[in-house]
Number of protein chains: 2
Amino acid sequence: MAKVTLQSVADRVGVSRMTVSNAFSRPDQLSADLRARILAAAAELGYAGPDPAARALARGRTGSVGLLINGSLSEAFEDAVSAAFLAAVSDELSSRGMALTLLPSSEDERFVPARDVAVDGALVYICDPTAPDIDWLRRRSIPVVVVDHNVEAGTASVNVDDRGGARLAAEHLVGLGHRRIGVVTLEVDPDEPNYPARERMLGWRDALDPAGIEPTVVTTPYSPRTAAYDVAHGLLSAPDRPTGVLCFSDAFAIATIRAAQSLGLQVPGDVSVVGFDDSVLAAASQPALTTIHQEVGEKGRAAVAAIADVIGGTTPDPVLLPTSIVVRESTAPPPA
Amino acid sequence: MAKVTLQSVADRVGVSRMTVSNAFSRPDQLSADLRARILAAAAELGYAGPDPAARALARGRTGSVGLLINGSLSEAFEDAVSAAFLAAVSDELSSRGMALTLLPSSEDERFVPARDVAVDGALVYICDPTAPDIDWLRRRSIPVVVVDHNVEAGTASVNVDDRGGARLAAEHLVGLGHRRIGVVTLEVDPDEPNYPARERMLGWRDALDPAGIEPTVVTTPYSPRTAAYDVAHGLLSAPDRPTGVLCFSDAFAIATIRAAQSLGLQVPGDVSVVGFDDSVLAAASQPALTTIHQEVGEKGRAAVAAIADVIGGTTPDPVLLPTSIVVRESTAPPPA
DNA sequence: CAGGACTTCTGTACCGATACAGTACGCCGC
DNA sequence: GCGGCGTACTGTATCGGTACAGAAGTCCTG
């Protein structure tokens, strides 16, 4: 069976191809009567509407937005915080009539999603800033919004006040009377710094430095839960172990609590633990986590609003979303 | 600044447009020397490579596969099992050089991703079979692979042996000596049946019927955790409460355990609970869940392999992945 | 030294739509 | 009766590539 195109339908009805195109894409350009006849003929011929690829070329827009993710996609889906972000982004995009295309960074030179997939714009999400994929987006001059990243002048961005939040966390422990404080966080590679990790560290110090407290910092490279457990275990095994621990995320905090419990320490009786993100894990944890709340859903919606603006030609102001502290059961004054 | 196309580069180097195209897409078609000169000129002009939209039209392939999801994307991301599936799919696709485009079902007639977004093929994942989006895919004659759905003849599919797994679960309880058995599962709307829910019910009955056991079934519409808790609570409050409960998923099972504990019942001392999926929740639960293991990652990879086949023109045989039972701590013989 | 087989590069014809600038015609006001 | 304006439809020129069938030159081979 021959391929059905606008032309086939046009021939069938006896109008020009353009009129058929208008019947589908600009209904106000023709009479309702003719339009109905065209649609009927299209249905009869099995024509499903304008071919998206051809339309994308002719219009210069594809109707989908890319999400650049560097590193394993599995991690992105399985981490509660990034999953919630993805969910918010895709929901918001679909309510604005756009699809979401994932652009993993490629290991294979022959196919680089950031270079070879048609998108109208892209969100740069979990990426080290040195990733070549980001360069591809720039070279293609694709509209970009950067999320959870340091802001380069002129680039639209959406960030969370990581530093301010971390400061709240540290102030909370100091306010409770803690003086020996530990930090369990991501390893920050100076060559490809993780922006939230750096900012949170700055925030913790913002509160600890004025109090004259030098925290004991232990780090682990991205994510393996067991690794966070191990370093937390080491931190809490030391003779002068901290009485309060600031953690990079709720997942890190939960690993820390596990480590404390395995050492026979009470949380918060012997050790207070503060998380970050206020993910679903936090409230469900035993004991429930004191943590820093960030609006992940709002972050996703703001990112979509920003990319829509950039695609539309305007440059939105950088967005900085607030953070706040949620005090639950994992913190208390230090033991006497 | 004027747009840079193949032609600009060709003019600059003094070769034909076709040769520049070959330099990018078919390196073996020209001499290494000329290719290097072309690439250099391209870099100089800021040409980032062939435009994906134009290439998609000319080649008839876009390099991305769609994933049709019916209902809220948030649920898909936040549920551990579907998130793991998505992760496996996207990882496998990217290692095969394809991107993943999410096709949410649209509420707005003007933009229907399944109709308006260019993809080479699509996985039909969480969808009620009556969704109009599936029709769009068919009308566009896009290659399709159906996952976790009933199989129509001639359509490629990937399924898990839900029925066999459910049977194992029920046999396990019967084998332990349970005679009063409850089922906590999804509501099955006859108009748009949830395939796994139906199959699992059949599997449970496969084992219970021969034993002469009529289970007490309670159901809840999709997913809200609190709803599962509520119906489980009701089930376990009855005077002749079951001693063993078969659950639709691990999330349902955990809600059921919570309900039991809130009623002062010991799991598994007073009530045994069996989950389904063996998601990350299962092992982490207190007590750890006895559950039915399914290979979600394998399901994702099989789905990608199948869609690649269909796009390639062959029709792969339906895939049915095995399930197995994992006995942990949430089941025991009924109280004496 | 004719002839086949490569290697390299080119010309032309699409791929399937949309944009934009008409053209044709009916209707109104003066 | 004629300019002006809307509405309804059409023609043509792209959009930026790729496929495929040559054409020209080079290298062997018998």
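Just so you know, these numbers come straight off a predicted model, no measurement behind them.
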> Which side chain to side chain donor-acceptor pair (under 3.5 Å) pairs, counting each pair once, include a residue from residues 306-317 of chain B, with sequence neighbours left out?
Replying inline: none

> With sequence neighbours left out, which residue pairs that include part of residues 36-63 of chain A fulfil the side chain to side chain donor-acceptor pair (under 3.5 Å) condition?
Replying inline: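 For residues 36-63 of chain A, and leaving out neighbouring residues, the side chain to side chain donor-acceptor pair (under 3.5 Å) pairs sorted by first residue read A/R12-A/E44, A/S25-A/R55, A/T62-A/D120.
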
> With sequence neighbours left out, what residues match A/Q29 under side-chain hydrogen bond (donor to acceptor under 3.5 Å, both in side chains)?
Replying inline: none

> Is there a residue in residues 20-40 of chain B whose heavy atoms reach under 4.0 Å of DNA chain D, and which residues are they?
Replying inline: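 B/S21, B/S25, B/R26 - these, ordered by number, are the residues of the stretch whose heavy atoms sit under 4.0 Å from the strand.
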
> Does a nitrogen or oxygen in the side chain of B/Y47 sit under 4.0 Å from OP1 or OP2 of D/dG17?
Replying inline: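 Yes, B/Y47 has a side-chain N/O under 4.0 Å of OP1/OP2 on D/dG17.
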
> Between B/S16 and C/dT10, is there a side-chain N or O to OP1/OP2 distance below 4.0 Å?
Replying inline: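 Answer yes for this pair, as a side-chain N or O of B/S16 is under 4.0 Å from OP1 or OP2.
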
> Given D/dT10, D/dG16, C/dG16, which nucleotide is nearest the side-chain atoms of A/T19?
Replying inline: D/dT10

>> For a 4.5 angstrom cut-off between non-hydrogen side-chain atoms, does B/S157 reach B/T155?
In response: no

Between [X] ([atom1]) and [N] ([atom2]), how many Å, whole number?
| X | N | atom1 | atom2 | answer |
| --- | --- | --- | --- | --- |
| A/L45 | C/dG16 | CG | C1' | 16 Å |
| B/R55 | D/dG17 | CZ | P | 9 Å |
| B/L6 | C/dG11 | CG | C1' | 15 Å |

>> Considering only residues two or more places apart or on different chains, which pairs with a residue in residues 132-157 of chain A satisfy ring-ring contact (aromatic ring centres under 6.0 Å, His included)?
In response: none

Taking salt bridge (charged side-chain N to carboxylate O under 4.0 Å, His left out) as the definition, give me every residue that meets it alongside [X], ordered by chain and number, with sequence neighbours left out.
| X | value |
| --- | --- |
| B/E298 | B/R301 |
| B/D148 | B/K299 |
| A/D162 | A/R200 |

Protein N or O to nucleotides 12-15 of chain C N or O, pairs below 3.5 Å:
none

